[in-house]
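In listed order, ligands and their atoms are each counted from 1.
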Amino acid sequence: MNIAIIGTGYVGLPSGIGFAKLGHNVTCVDINKSKIHSLQNGILPIYENNIEQLFLEVVNENLTFTTSYSCINEADIVILAVGTPQSNNSEKADLKYIFEAINEICKNLRDKNKYFILATKSTVPVGTGDKIEQIVHKINPNIEVVSLPEFLREGYALEDFYNPDRVIIGSNSDKASKAIKELYSHIDSDKILITTRKSAELIKYASNSFLAMKIHFINEIADFCEKSGANIGDVALGIGLDSRIGNKFLNVGPGFGGSCFPKDTLAMLGMAKELGVGVSLIETTIKGNNDRFKKIANNIKDMLKDIDNPKIGILGLAFKNGTDDCRQSPAIEIIKEFIKNYQNINVYDPRAINNAKGILNDNVNYTNSIYECANECDLLVILTEWDEFKDIDFLKLKDCIKVKKIYDTRNIINFNEAKKYGFDVINIGVKN
Ligand SMILES: NC(=O)c1ccc[n+]([C@@H]2O[C@H](COP(=O)([O-])OP(=O)(O)OC[C@H]3O[C@@H](n4cnc5c(N)ncnc54)[C@H](O)[C@@H]3O)[C@@H](O)[C@H]2O)c1
């Protein structure tokens with residue numbers, strides 16, 4: 001098939017690579033000229049696990065990059081994968097990129113009768129597919145508008161492309177559903193669910209809201225453990241063994257972040273308010289998660305309160321491991337909470353330094369390793385669960401001047417090993 005993907009970010013790019021590797025002719029379109037220029041030259045603008053090898057195999061063969069929308073004229077399927085960030089002044093999703101892209105599609109369409117499918121992978125509020133349809137049908141009534149929500153996890157984008165838990169196709173047309181099923185012929189048919197367009201749009205928001213609630217839930221149970229003396233590691237394991245609950249998303253941490261959960265829970269709340277529906281669990285989750293950033297920042301301030309002009313080492317800036325994405329990263333939100341109080345903040349992340357620089361500017365010192373970051377620090381704080389941090393060499397860390405205390409907000413380091421080398425480790429969800 002000929003596929004045009006509009007928007008070449010964390011969703012559009014791995015999808016483009018995946019479809020190209022399956023043998024389709026894929027053209028990725030983006031308005032960001034420098035992004036397209038680097039992709040045309042074989043340089044990936046994002047970090048994503050295991051993507052580079054596949055990218056190099058297909059780039060300039062059956063995967064091409066352009067800023068021009070003219071490729072839509074040859075496409076059997078046009079996939080929208082532009083961003084849908086939170087609006088500046090409300091909880092709602094900002095759909096300006098979606099409608100700008102729709103406008104460009106309409107402007108660039110040469111044959112006004114050509115049949116093709118316009119599939120929305122971007123996360124969009126319920127009813128957006130209807131609005132898109134109204135606009136494009138004024139130009140060409142043969143375009144079939146489908147909702148095709150994306151569920152990939154950053155850091156595992158290709159793994160999820162080839163082996164997703166499910167593919168949801170929101171369409172009222174048998175012809176369009178059949179074509180999208182064919183596009184996903186590499187997936188078992190029992191993992192493909194066809195629904196109405198509105199249901200598909202809601203499945204995406206409801207899924208993300210549920211996962212966000214699960215994270216917030218376990219973090220509240222961790223708070224309970226800290227006061228009661230129970231141990232969150234045992235408690236999460238015990239809860240997760242119940243197959244009705246499942247063991248995923250029961251890892252404690254500094255709160256959820258990233259480019260999806262914060263904005264999607266807010267958008268869900270905004271939609272519910274408009275419809276007059278109560279979503280109190282989601283509302284509590286949003287507030288609780290924001291409070292958690294403050295709580296972790298206050299814990300850090302508390303640990304440093306008796307030290308004059310303390311120096312802090314922060315390990316982790318990305319919102320989770322496996323990605324360079326810092327959008328709404330808990331690490332960044334927590335640093336922002338105490339940046340005014342301290343002059344000496346070292347930071348280190350294996351992949352996300354460049355993106356973090358765009359947010360934190362020169363308010364922190366960027367370092368090149370765990371040990372450079374830790375050196376001369378009064379407190380070392382782990383905020384992202386990178387494997388590299390799980391494997392800290394405590395013997396080497398011991399050589400770093402001053403550092404004695406580690407605040408592990410992801411509970412990832414080997415507690416007993418660290419103690420053996422004389423480090424004072426503070427975990428989440430245990431009475432320290
Ligand atoms: N990132 C994720 O893990 C993830 C997972 C599932 C769903 N989603 C959803 O997928 C969508 C895309 O997310 P993302 O993280 O890939 O965003 P992104 O910001 O990484 O990428 C979006 C891209 O679209 C481009 N763009 C904007 N307007 C355009 C236009 N008019 N024409 C062409 N390109 C345009 C931008 O330049 C950018 O490169 C969002 O709706 C998001 O909620 C994201």
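Ranking protein heavy atoms by distance to atom 24 (O) of ligand 1, first place goes to G7 CA, 3.4 Å. Nearest protein heavy-atom contact of atom 9 (C) of ligand 1 is T123 OG1, 3.5 Å. Atom 11 (C) of ligand 1 has as its closest protein heavy atom V82 O, 3.3 Å.
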Dump the intermediate steps for side chain to side chain contact (heavy atoms under 4.5 Å, CB included) on I169 and K181, then the final yes or no.
CA-CA 8 Å; I169 305 172; K181 268 184 103 170; 3.9 Å; yes
As a quick check of understanding, evaluate salt bridge (charged side-chain N to carboxylate O under 4.0 Å, His left out) for K198 and E201, giving each step before the final call.
CA-CA 5 Å; K198 281 186 174 169; E201 289 166 340; over 6 Å; no
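Under 4.0 Å from ligand 1, heavy atoms of S122 appear from its side chain as well as its backbone. Under 4.0 angstrom from ligand 1, the non-hydrogen atoms of Y69 all belong to its side chain. The part of A81 lying near ligand 1 is the backbone, judged by heavy-atom distances below 4.0 Å. Under 4.0 angstrom from ligand 1, the non-hydrogen atoms of R327 all belong to its side chain.
Here the two rings, on F161 and H186, have centers that are under 6.0 Å apart.
Distances between N or O atoms of V11 and those of ligand 1 include at least one value under 3.5 Å. Considering backbone and side-chain N/O atoms, E154 comes within less than 3.5 Å of an N/O atom of ligand 1.
In summary, the side chains of N32 and S34 do present a donor paired with an acceptor at a separation below 3.5 Å, with no hydrogens or angles considered. Between N365 and N346, the side chains place a donor N or O and an acceptor N or O closer than 3.5 Å (distance only, hydrogens not considered).
For K263, the heavy-atom gap to ligand 1 drops under 4.0 angstrom. E104 does not count as a contact of ligand 1, since none of its heavy atoms falls under 4.0 Å from the ligand.
Side-chain contact between L39 and L13: present, with at least one pair of heavy atoms (C-beta onward) separated by less than 4.5 Å. Taking 4.5 Å as the limit, some side-chain heavy atom of K301 sits within range of a side-chain heavy atom of N298. A 4.5 Å side-chain heavy-atom check between N163 and Y156 finds every atom pair outside the cut-off.
In the vicinity of A101, heavy-atom distances shorter than 4.0 Å reach the ligand 1 atoms 31 (N). Proximity to G83 (heavy-atom distance under 4.0 Å) selects the following atoms of ligand 1: 22 (C). Within ligand 1, counting atoms from 1 as listed, the ones closer than 4.0 Å to a heavy atom of L152 are 3 (O), 5 (C). Numbered from 1 in the order shown, with element, the atoms of ligand 1 that lie under 4.0 Å from a heavy atom of E150 read 6 (C), 7 (C). Ligand-side atoms of ligand 1 in range of K204: 6 (C), 7 (C), range being under 4.0 angstrom from any heavy atom. Residue C260 approaches ligand 1 through these ligand atoms, each under 4.0 Å from one of its heavy atoms: 2 (C), 4 (C), 5 (C), 8 (N), 44 (C). Close approach of ligand 1 to I6 is summarised as follows: ligand atoms under 4.0 Å from at least one heavy atom of the residue are 32 (N), 33 (C). Of all atoms in ligand 1, listed by their number and element, those nearer than 4.0 Å to a heavy atom of T84 are 40 (C), 41 (O), 43 (O).
Between the side chain of E48 and the main chain of G155, a donor-acceptor pair closer than 3.5 Å is present.
Proximity annotation for atom 28 (N) of ligand 1: of I31, N208, I105, I36, I31 comes nearest, heavy atoms only. The residue among G9, A267, S259, G155 with a heavy atom at the shortest distance from atom 21 (O) of ligand 1 is G9. Compare D30, N32, I5, V29 by their heavy atoms: the one nearest to atom 36 (C) of ligand 1 is in D30.
A salt bridge is defined here as a Lys NZ or Arg NE, NH1 or NH2 lying under 4.0 Å from an Asp or Glu carboxylate O, and E74 with R110 meets this definition.
Among all heavy-atom pairs drawn from E385 and K390, the shortest one is O-CE, 4.0 Å. In terms of heavy atoms, E91 sits closest to K273 at OE2-NZ, 2.7 Å.
Paired with W386 under the rule side chain to side chain donor-acceptor pair (under 3.5 Å), one option of D391, D349, N321 passes, and it is D349.
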